[in-house]
Peer 1: 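First the structure, then my questions, so here it is.
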Amino acid sequence: MGAQIIDGKAIAADLRGQVADTVHRLGRDRGLTPGLAVVLAGTNPASQSYVSSKIKMTAGSGMRTFDHRLPASLTEADLLSLIARLNSDPAVHGILVQLPLPRQIDPQKVIAAIDPGKDVDGFHPINAGRLAVGLPSLTPCTPLGCVRLVKTAYPSIAGAEAIVIGRSHIVGRPLALLLLAENATVTLAHSKTRELPALCRRADLVFAAVGKPEMVRRDWIKPGAIVIDVGINRVDAANGKSRIVGDVAFAEVSEVAGAITPVPAGVGPMTIACLLANTVRAACMQAGLPAPTF
Ligand code: NAP
């Protein structure tokens, strides 16, 4: 029997609809229009495409956008002074600096310079620390999207065995903390983990955030497990072009999993929808209003 396909596109569209409704109400009842500033330095094609989608979707949900495209030769001092201006601009409620940054700029310095209350990517050490100790925080968008997706197929995570493969600060680590907060029993695996297939086979919920094409195979998966594939990998296609695959061997894993996200159209659209949700949360917090729960 084939796995249920978790339709990230449709679930993301639903969340964007809820965000747009909230934005409309905030404007009507409070005169508040959330605003997102997006900063892109350089001409990396993937980054340009991500930024364009983020701006389009933000504007599409009724929010204001502030688009800062900067040359790859930008200095760290110039970027820090832009961040300082955005921090003090009351029309800007969220600041997103698209990574990676040009080599001459230290990303940690830039992230630390963002006002934590406007840090809609959730990468600032204050937000990372608040998440780690279980306090309300602006939380990274991709992990938020993963939890939302898994709940559509497995609503009650409490007590489930979850494995997160990959421990990056933007995906794996915060995802493990979110799952722990939902009372899952969490294994956080990485490149030094031993017996990874055997650990995976124990899990009710498998999250792959590695960046290795189709690494997770059919015999790693317990029958009926839910599989969330974060990976985005470009590989050569038969026709001399390229195509995008995830970290999970989708066709063979679909034969055994209970539910699975496709790549593309799984986690990717959720990341942007959660960014919009975070921007509205940030705007509400700055206005002293209760943050919407979505
Ligand atoms: P990253 O920073 O490169 O981290 C990769 C993680 O995978 C590291 O923790 C690494 O372990 C671990 N790893 C590497 N090889 C492994 C192996 N053989 N077995 C087990 N673990 C291994 O990557 P990332 O930024 O988290 O991104 C991961 C993937 O998700 C990428 O394909 C990226 O493009 C994609 N992504 C997608 C979205 C989206 O919106 N869909 C968003 C962000 C990222 P060590 O820590 O030991 O090195």
Side-chain angles (χ1 to χ4, degrees), residues 6-9 11-13 15-16 38 44-54 56-58 96-101 107-108 111 120-123 128 131 139-150 162-179 186-203 206-217 219-221 227-235 242-250 253 260-278:
I6 301 175
D7 186 347
K9 245 174 151 171
I11 298 162
L15 177 55
R16 289 200 311 275
V38 180
N44 177 314
S47 294
Q48 282 176 327
S49 151
Y50 292 144
V51 159
S52 298
S53 301
K54 287 169 185 175
K56 194 171 137 207
M57 303 265 180
T58 307
L96 180 148
V97 178
Q98 185 67 42
L99 301 176
L101 286 167
Q108 292 309 330
I111 290 167
V120 284
D121 257 339
F123 296 161
L131 177 63
T139 305
C141 305
T142 301
L144 277 177
C146 290
V147 172
R148 213 172 169 98
L149 289 175
V150 82
I163 187 164
V164 178
I165 315 173
R167 58 175 164 183
S168 74
H169 290 285
I170 58 172
V171 188
R173 212 173 283 241
L175 176 55
L177 289 167
L178 284 176
L179 293 166
V186 184
T187 300
L188 182 52
H190 47 77
S191 67
K192 307 292 184 291
T193 296
R194 284 191 222 127
E195 312 288 350
L196 182 55
L199 285 174
C200 260
R201 273 192 294 274
R202 290 176 52 119
V206 176
F207 299 84
V210 185
K212 298 249 184 280
E214 303 186 323
M215 185 183 90
V216 176
R217 312 305 305 197
D219 64 347
W220 295 28
I221 300 299
V227 179
I228 307 293
D229 189 353
V230 182
I232 302 176
N233 308 290
R234 190 168 284 283
V235 295
S242 66
R243 65 192 175 99
I244 301 286
V245 299
D247 290 341
V248 176
F250 180 83
V253 168
I260 186 168
T261 56
V263 176
V267 174
M270 286 306 291
T271 296
I272 299 187
C274 290
L275 169 71
L276 308 190
N278 269 356

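This one's a predicted model, so the numbers in the text were calculated from it and none came from an experiment. Start at 1 and go down the list; that is how both ligands and their atoms are numbered. All values below were derived from every heavy atom in this structure, side-chain atoms included, with hydrogens, water molecules and symmetry-related copies excluded.
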Peer 1: Once rounded to the nearest 0.5 Å, what's the spacing between atom OG1 of Thr193 and atom CD1 of Ile163?
Peer 2: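 Here the interatomic distance stands at 7.0 Å.
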
Peer 1: Tell me whether Thr193 reaches ligand 1 (any heavy atom closer than 4.0 angstrom to a ligand atom).
Peer 2: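 False for this residue.
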
Peer 1: Output the list of atoms in ligand 1 that are nearer than 4.0 Å to some heavy atom of Val171, sorted by atom number.
Peer 2: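 It comes down to these atoms of ligand 1: 26 (O), 43 (C), 44 (C).
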
Peer 1: Below a 4.0 angstrom heavy-atom separation, can you tell me which part of Val230, side chain or backbone, both or neither, approaches ligand 1?
Peer 2: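 Both backbone and side chain.
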
Peer 1: Do the side chain of Arg217 and the main chain of Ala249 share a donor and acceptor less than 3.5 angstrom apart?
Peer 2: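 The answer is no, because no donor-acceptor pair under 3.5 Å joins these two groups.
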
Peer 1: Return yes when Gly172 approaches ligand 1 closer than 4.0 angstrom through a heavy atom, no otherwise.
Peer 2: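 The answer is no: ligand 1 sits nowhere under 4.0 Å from a heavy atom of Gly172.
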
Peer 1: Test of understanding: given a 4.0 Å heavy-atom threshold, classify the contact between Ile232 and ligand 1 as side chain, backbone, both, or neither.
Peer 2: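 Near ligand 1, Ile232 shows its backbone as well as its side chain.
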
Peer 1: When you measure from atom 13 (N) of ligand 1 to every protein heavy atom, which one gives the shortest distance, and what is it?
Peer 2: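 Here the nearest protein heavy atom works out to Val210 CG1, 3.5 Å.
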
Peer 1: Which atoms of ligand 1 sit under 4.0 Å from any heavy atom of Leu196?
Peer 2: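 Those of ligand 1 that fall under 4.0 Å from Leu196 are 19 (N), 20 (C).
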
Peer 1: Enter the distance from Leu199:CG to Thr187:OG1 here, rounded to the nearest 0.5 Å.
Peer 2: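 Leu199 CG to Thr187 OG1: 6.0 Å, rounded to 0.5 Å.
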
Peer 1: How many angstroms lie between OG in Ser49 and CG in Asn44, if you round to the nearest 0.5 Å?
Peer 2: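 Here the interatomic distance stands at 9.5 Å.
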
Peer 1: Below 4.0 Å from any atom of ligand 1, is there a heavy atom belonging to Ala189?
Peer 2: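 No, that is not the case, since the closest heavy atom of the residue is not under 4.0 Å from the ligand.
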
Peer 1: Can a non-hydrogen atom of Met215 be found less than 4.0 Å from any atom of ligand 1?
Peer 2: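 So Met215 counts as touching ligand 1.
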
Peer 1: Give the atoms of ligand 1, by number and element, whose distance to some non-hydrogen atom of Gly268 is under 4.0 Å.
Peer 2: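 Result: 40 (O), 41 (N).
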
Peer 1: Suppose we screen for side chain to side chain contact (heavy atoms under 4.5 Å, CB included). Which residues come up paired with Ala162, at least two apart in sequence or across chains?
Peer 2: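 So Ala162 forms a side chain to side chain contact (heavy atoms under 4.5 Å, CB included) with Leu179, Ala184, Leu205, Phe207.
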
Peer 1: Which of the numbered atoms in ligand 1 are below 4.0 angstrom from a heavy atom of Ile165?
Peer 2: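 Once the distances to Ile165 are compared, the set is 20 (C), 21 (N).
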
Peer 1: Under 4.0 Å from any heavy atom of Ile170, which atoms of ligand 1 are there?
Peer 2: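 Every atom of ligand 1 under 4.0 Å from some heavy atom of Ile170: 25 (O).
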
Peer 1: If the cut-off is 4.0 Å to any non-hydrogen atom of Thr271, which atoms of ligand 1 fall inside it?
Peer 2: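 Those atoms are 39 (C), 40 (O).
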
Peer 1: With heavy atoms of Asn233 as the reference, note each atom of ligand 1 found under 4.0 Å away.
Peer 2: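 That gives atoms 32 (O) of ligand 1.
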
Peer 1: Can you give each donor-acceptor pair under 3.5 Å made by side-chain atoms of residues 264-278, sequence neighbours left out, with the distance rounded to 0.1 Å?
Peer 2:
{"unit_1": "Thr271", "atom_1": "OG1", "unit_2": "Thr142", "atom_2": "OG1", "d": "3.0"}
{"unit_1": "Thr271", "atom_1": "OG1", "unit_2": "Val267", "atom_2": "O", "d": "3.4"}
{"unit_1": "Asn278", "atom_1": "OD1", "unit_2": "Arg281", "atom_2": "NH1", "d": "2.7"}
{"unit_1": "Asn278", "atom_1": "ND2", "unit_2": "Val120", "atom_2": "O", "d": "2.9"}
{"unit_1": "Asn278", "atom_1": "ND2", "unit_2": "Thr139", "atom_2": "O", "d": "2.9"}

Peer 1: Rounded to the nearest 0.5 Å, what's the gap from OH on Tyr50 to CD1 on Ile232? Could you check?
Peer 2: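 CD1 of Ile232 is found 4.0 Å from OH of Tyr50.
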
Peer 1: Ligand 1 and Ser168, any nitrogen or oxygen pair closer than 3.5 angstrom?
Peer 2: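 It does: an N or O of Ser168 is found under 3.5 Å from an N or O of ligand 1.
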
Peer 1: How does Met270 reach ligand 1, by side chain, by backbone, by both or by neither, if only non-hydrogen atoms under 4.0 Å count?
Peer 2: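 Answer for Met270: neither.
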
Peer 1: Decide whether an N or O pair under 3.5 Å exists between Arg167 and ligand 1.
Peer 2: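 Between Arg167 and ligand 1, an N or O pair is found under 3.5 Å apart.
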
Peer 1: Which of the atoms of ligand 1 are close to Ala209, meaning less than 4.0 Å from one of its heavy atoms?
Peer 2: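 Ligand 1 atoms under the 4.0 Å threshold to Ala209: 5 (C), 6 (C), 7 (O), 28 (C).
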
